[in-house]
*Asks:* 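One structure, as structure tokens, below. Some questions next.
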Amino acid sequence: MKAGTDSTGFRHGWRSWIEGQDFTGDSGYDAPMRFTLLLVSAGLLAQNAPHIRDWKPDASETTLQAKTPCAALHGLTGYDLSVMTAEATSGAVGAPEFCRVLIQVQPEIRIEVSLPQVWNRRLYMFGNGGYAGESLEAPNRVAHRNAALRLGFAVAQTNTGHDAVTEPLGTFTVHPQKLLDYAFRSLHVTAETAKRAAEAHYGMRPARSYYNGCSTGGRQGLILAQRYPEDFDGIIVGAPALNNVMGRLRSIATYQALTKAPIPAAKLKLVADRVYARCDDKDGLKDGLIGDPRRCDFQAARDLPQCQAGDGPDCFTAGQLKALEVIYSDVVLNGKRVAPGFPVGGEIAGPNGRSGWDGWIVRDGQLSQSAQYAESALRYMVFPKPDPTYELTRFNLEKEAHLFDWIGKLMNATDPDLSRFRARGGKILMYFGWADPALNPLMGIAYYEEVVSRMGASTRDFFRLYMLPGVFHCSGGVGPACFDPLEKMIPWVEQSKAPEAITASQLEGGKVLRTRPLCPYPQVAKYQGQGSINDAANFQCADR
């Protein structure tokens with residue numbers, strides 16, 4: 001059967017073609033043919049908080065007014081795209097006057113380009129969450145767009161090529177082109193389309209372009225840096241879902257262990273209490289934060305109370321202890337480490353009173369979010385023929401893990417060769433919460449260290465990683481998670497002012513509970529011995 005003719009043909013012919021290609025570097029294909037795929041990660045709404053708080057354009061900056069009427073942008077329609085609407089707004093709630101352009105690229109990539117009447121000559125694009133497919137009018141996305149518009153940016157966003165309402169989770173991936181659009185094409189197409197729209201409206205293309213995303217959005221940022229290095233000058237990468245195969249195998253191993261011995265969410269407080277009692281002061285300061293979980297030797301079987309008979313609320317059965325050990329341990333298949341164990345720290349309750357694990361790793365009576373995404377991948381992506389009834393318990397990790405190999409070739413954003421991005425002056429600011437329960441923070445550190453190994457000590461001149469103690473997935477948790485990476489990125493790109501410490505705040509009900517410097521990895525924030533431990537001024541970034 002010819003590759004790509006239908007879902008079954010895709011699974012056989014198309015997959016065979018992919019398995020025969022080399023996607024690890026510059027394969028020689030033109031840019032639109034360099035295939036990678038953004039990782040299916042969890043949580044559509046909470047992952048892409050605006051993180052636009054503190055940066056303000058300089059009053060002396062040159063701005064541009066629109067030269068072409070908004071309605072004239074219908075003329076961009078051509079063989080490659082259709083402008084559905086181009087409407088001038090009189091100023092939406094929370095936004096200045098702008099031209100809103102809705103575009104469709106075949107087959108179903110929806111793009112919104114918002115062009116303010118007074119433009120700061122910069123493009124700002126933000127990413128997606130989970131399997132994407134979000135409505136461009138979702139409240140959180142509108143808020144993110146408006147925050148950027150108020151600062152004078154032209155703003156771009158996309159649904160990546162499908163509608164999550166009609167094609168939820170991974171169901172859309174049975175369509176070859178939708179899979180590839182979600183993978184990479186929609187990102188490059190959106191960036192190029194936004195620049196064309198800006199040029200048509202203002203008479204010039206953006207002087208600088210910035211991208212910001214977390215989780216799937218973070219992985220999209222790495223896709224852009226690795227495969228389309230000319231698209232953006234500055235890329236903010238939050239908790240990137242950069243290794244699809246690793247993430248899926250980790251989720252399957254965790255789910256299967258918990259299926260044998262479920263752990264109620266109510267018991268997570270007991271785990272958290274024991275973890276923090278053993279690990280909190282390992283960084284030299286007992287402050288309710290675990291500075292680097294790798295320095296803690298917590299062992300569930302040793303450090304948690306074991307039930308002597310049956311089960312109980314204040315103890316763990318032998319099966320539950322074994323399940324916890326699976327979560328904390330590496331996934332090793334046929335003698336090979338394929339995924340790291342989760343660091344400790346995410347077990348603690350966040351601002352909503354629920355453990356960071358509650359929902360992502362454990363979920364009473366239901367599939368966790370991580371398990372849902374893994375199951376959807378198995379149902380619609382892994383096997384030659386889609387099976388909507390497939391359950392995670394059927395998957396044999398030892399014998400069938402290799403079935404993910406072709407997905408890894410297509411999807412993993414793990415190429416450490418960023419030489420083209422560095423050569424054109426691009427900058428990356430990446431951050432990861434140490435207590436992230438959705439995506440393993442060790443995955444982010446491993447990638448950064450691989451880039452340093454490949455690119456050398458000068459890596460920090462264009463790529464910096466910040467680890468956030470106590471922070472959950474993209475935001476939240478018990479650590480300082482509120483900061484503005486854009487405030488550091490723009491001076492880095494435009495004035496060569498490389499970021500050092502970034503001051504982050506921990507907020508509750510709008511009140512600042514504490515501030516703490518975030519340090520460029522591998523540095524950590526060290527208390528200087530005097531003053532409040534809740535004041536960033538009393539800490540200094542230093543080597544471990």
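We number each residue from 1, following the sequence as shown. Worth knowing before you read on, the calculation uses all heavy atoms, side chains too, and leaves out hydrogens, waters and symmetry mates.
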*Asks:* Side chains of Tyr521 and Glu449: donor-acceptor distance under 3.5 Å anywhere?
*Replies:*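 Their side chains do contain a donor-acceptor pair, which is all the 3.5 Å distance test asks for.
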*Asks:* Are the aromatic rings of Tyr210 and Phe232 close, with centres under 6.0 Å apart?
*Replies:*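 Between Tyr210 and Phe232, the centre distance exceeds or equals 6.0 Å.
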*Asks:* Should Asp311 and Lys267 be marked as a salt bridge (Lys or Arg N to Asp or Glu O under 4.0 Å) after you check the CA-CA gap, both sets of side-chain angles, and the distance that decides it?
*Replies:* CA-CA 11 Å; Asp311 195 357; Lys267 285 193 178 185; 2.6 Å; yes
*Asks:* State which residues pass side chain to side chain donor-acceptor pair (under 3.5 Å) with Lys497; sequence neighbours excluded, sorted by chain then number.
*Replies:*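 Once residues adjacent in sequence are excluded, the partners of Lys497 under the side chain to side chain donor-acceptor pair (under 3.5 Å) criterion are Gln495.
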*Asks:* For residues 362-378, which residue pairs pass the salt bridge (Lys or Arg N to Asp or Glu O under 4.0 Å) check, not counting sequence neighbours?
*Replies:* Glu375-Arg379
*Asks:* Could you point out which residue of Trp360, Phe342, Phe432 forms a side chain to side chain contact (heavy atoms under 4.5 Å, CB included) with Leu439?
*Replies:* Phe432
*Asks:* Tell me whether the centres of the aromatic rings in Tyr431 and Tyr466 are closer together than 6.0 Å.
*Replies:*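 Centroid separation for Tyr431 and Tyr466: 6.0 Å or greater.
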*Asks:* Please report whether the ring centroid of Tyr182 lies less than 6.0 Å from that of Phe172.
*Replies:* yes
*Asks:* Kindly compute the distance separating CG (Leu222) from CD1 (Ile428), expressed to the nearest 0.5 Å.
*Replies:*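 It comes to 6.0 Å.
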*Asks:* Could you check whether Arg141 makes a cation-pi contact with Phe126, meaning its NZ or CZ is under 6.0 Å from the centre of the six-membered ring and within 45° of the ring axis?
*Replies:* no
*Asks:* Which heavy atom of Met443 sits nearest to which heavy atom of Pro240, and what is that distance?
*Replies:* CE-O, 3.7 Å
*Asks:* Tell me, please, which residues at least two apart from Asp535 pass side chain to side chain contact (heavy atoms under 4.5 Å, CB included).
*Replies:* Thr515, Ser532, Ala537, Asn538
*Asks:* Report the distance from atom CZ of Arg460 to atom OH of Tyr448, rounding to the nearest 0.5 Å.
*Replies:*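 Here the rounded value is 6.5 Å.
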*Asks:* Identify the two heavy atoms, one from Ser114 and one from Arg145, that lie closest to each other, and give their separation to 0.1 Å.
*Replies:*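 Closest heavy-atom pair between Ser114 and Arg145: OG-CD, 3.3 Å.
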*Asks:* Tell me if the NZ atom of Lys286 is crowded by more than 12 foreign heavy atoms within 6.0 Å.
*Replies:* yes
*Asks:* Does the cation-pi check pass for Lys427 over Phe463, that is, NZ or CZ under 6.0 Å from the six-membered ring centre and within 45° of its axis?
*Replies:*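 No, Lys427 and Phe463 do not form such a contact.
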*Asks:* Within a radius of less than 6.0 Å around CD of Gln528, do more than 12 heavy atoms belonging to other residues, nucleotides or ligands occur?
*Replies:* yes
*Asks:* Please report the shortest heavy-atom distance between His473 and Pro437, naming the atom on each side.
*Replies:* N-CD, 3.8 Å
